[in-house]
Amino acid sequence: MTDQQILARPGEIAEDSKSLGLNIYAYEDDGTLQTVFSSPDMGQGPGAVAWLTGNFSGPAGAMQIAQLWDNGNLGLNVYGIHGFGFQTMFSAPDLGQGSGALAFLAGDFTGSGRTEIGQVWEDNGNLGLIVYGYVNGTLQTVYSNVIGFKPDALAFLTGDFLGFGSTQIAQLRDGNGTLELLIYGSTEGTPQLYTDLDMDQGPAALAFLAGDFTGSGHTEIAQLWNNNGNLGLIVYGNVNGTLQTVYSDTDLFEGSGALAFLTGDFTGSGHTQIAQPWDNNGNLGLIIYGNDGFSSVVALAGSPDLGQGPGALAWLAGTFVGPGVRALIAQPWDN
């Protein structure tokens with residue numbers, strides 16, 4: 001699974017005098033979706049410029065939640081499992097960089113074996129990248145450079161799209177009405193760039209996501225789109241060294257409205273699924289789409305009311321309680 005990043009708009013950065021609440025939802029063995037953890041106060045403020053998930057602090061284990069925030073500089077809080085609940089694992093009020101970014105991303109960009117945080121930013125009209133990694137108990141800058149010449153993007157995604165064995169960054173662009181794709185990565189320390197200036201599809205999307213949606217064993221790119229109120233899906237995958245359309249469905253038989261779209265193995269199938277939390281007249285609804293075991297992506301599970309409200313600072317997915325378990329959905333909220 002690749003990690004989801006949520007950027008907050010300036011108006012959404014809340015006052016630090018408020019409290020950060022957190023709800024976590026799971027798919028249970030009986031096929032239902034349930035709240036498995038809830039806290040009205042995580043001991044930190046709710047303000048954030050981005051939220052990320054990953055194993056930032058060490059060897060393989062439970063995933064954590066990173067809260068990047070604007071302290072005049074870039075600050076960071078990381079929350080993880082401790083005992084039967086979540087708590088702040090470590091905090092840094094200043095990572096030594098500014099908080100401005102085109103996107104914040106999570107992945108193993110340098111081959112460290114840990115999840116790192118990538119800050120993609122515009123460097124005088126070019127695409128710049130800063131990478132923060134866990135060194136001696138803290139996250140600090142481990143890489144900084146210009147990586148591209150086109151900073152504008154419809155979305156930035158992370159994953160091993162080209163089969164390098166390391167994390168690459170995919171930049172999806174609108175090329176005058178066609179979908180363009182640029183992928184930045186490295187093999188054995190040598191920078192690599194993959195370019196496709198026409199993916200043979202339009203650029204319109206409700207969301208772009210990364211994961212193994214078709215069971216190919218590779219990271220693919222999903223493009224969810226609004227087909228006259230219905231939810232459509234296009235999946236791009238690696239075929240003989242090029243990324244091309246490997247799956248398309250104009251109607252998943254659900255509405256296109258969503259609070260967010262997330263990726264993870266929510267049902268324990270071994271493949272990546274797509275979660276669609278939605279506002280059902282003030283209640284929180286959820287639909288999960290995935291491979292049906294044959295050749296289609298369909299709705300696998302759903303609930304019109306999870307017993308919680310739909311308000312959220314962000315929506316995140318990850319195996320927060322430990323390795324080898326289903327992905328959970330986290331809802332940090334402003335209490």
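Everything quoted here is computed from the prediction, not taken from an experiment. The basis for the numbers below is simple: all heavy atoms, side chains too, and nothing from hydrogens, waters or symmetry mates.
Contact of the Q273 side chain with the D265 side chain is registered, since non-hydrogen atoms from C-beta on lie closer than 4.5 Å. Contact annotation: the side chain of Y289 approaches that of E254 to within less than 4.5 Å [non-hydrogen atoms, C-beta and beyond]. Using a 4.5 Å heavy-atom threshold, the side chains of L209 and T272 count as separate. Side-chain atoms of L127 and F156, non-hydrogen and from C-beta on, do get closer than 4.5 Å to each other. With a 4.5 Å cut-off on side-chain heavy atoms, V297 and D249 do not count as touching. Side-chain contact check for Q44 versus Y79: some heavy-atom pair is nearer than 4.5 Å. By the 4.5 Å heavy-atom criterion applied to side chains, Q67 and L20 are counted as neighbours.
Residue pairs that meet the salt bridge (Lys or Arg N to Asp or Glu O under 4.0 Å) test with at least one member in residues 23-40, sequence neighbours left out, are D29-R326.
Defined by atom type and a distance below 3.5 Å, a donor-acceptor pair is missing between the side-chain atoms of Q97 and N73. Residues T167 and D108 have side chains that never bring a donor and an acceptor to within less than 3.5 angstrom of each other. No hydrogens or angles considered: nothing links the side chains of N55 and T115 as a donor-acceptor pair under 3.5 Å.
Ring-centre distance between F109 and Y143: not below the 6.0 Å cut-off.
More than 12 heavy atoms of other residues, nucleotides or ligands lie within 6.0 Å of CG in D152, so this atom counts as buried by the packing criterion.
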Go through the steps for L259 and D279 under the test side-chain contact (heavy atoms from CB on, under 4.5 Å), then give the verdict.
CA-CA 7 Å; L259 298 165; D279 184 346; 4.1 Å; yes
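With sequence neighbours excluded, the residues forming a ring pair (Phe, Tyr, Trp, His ring centres under 6.0 Å) with F90 are Y134, listed by chain and number.
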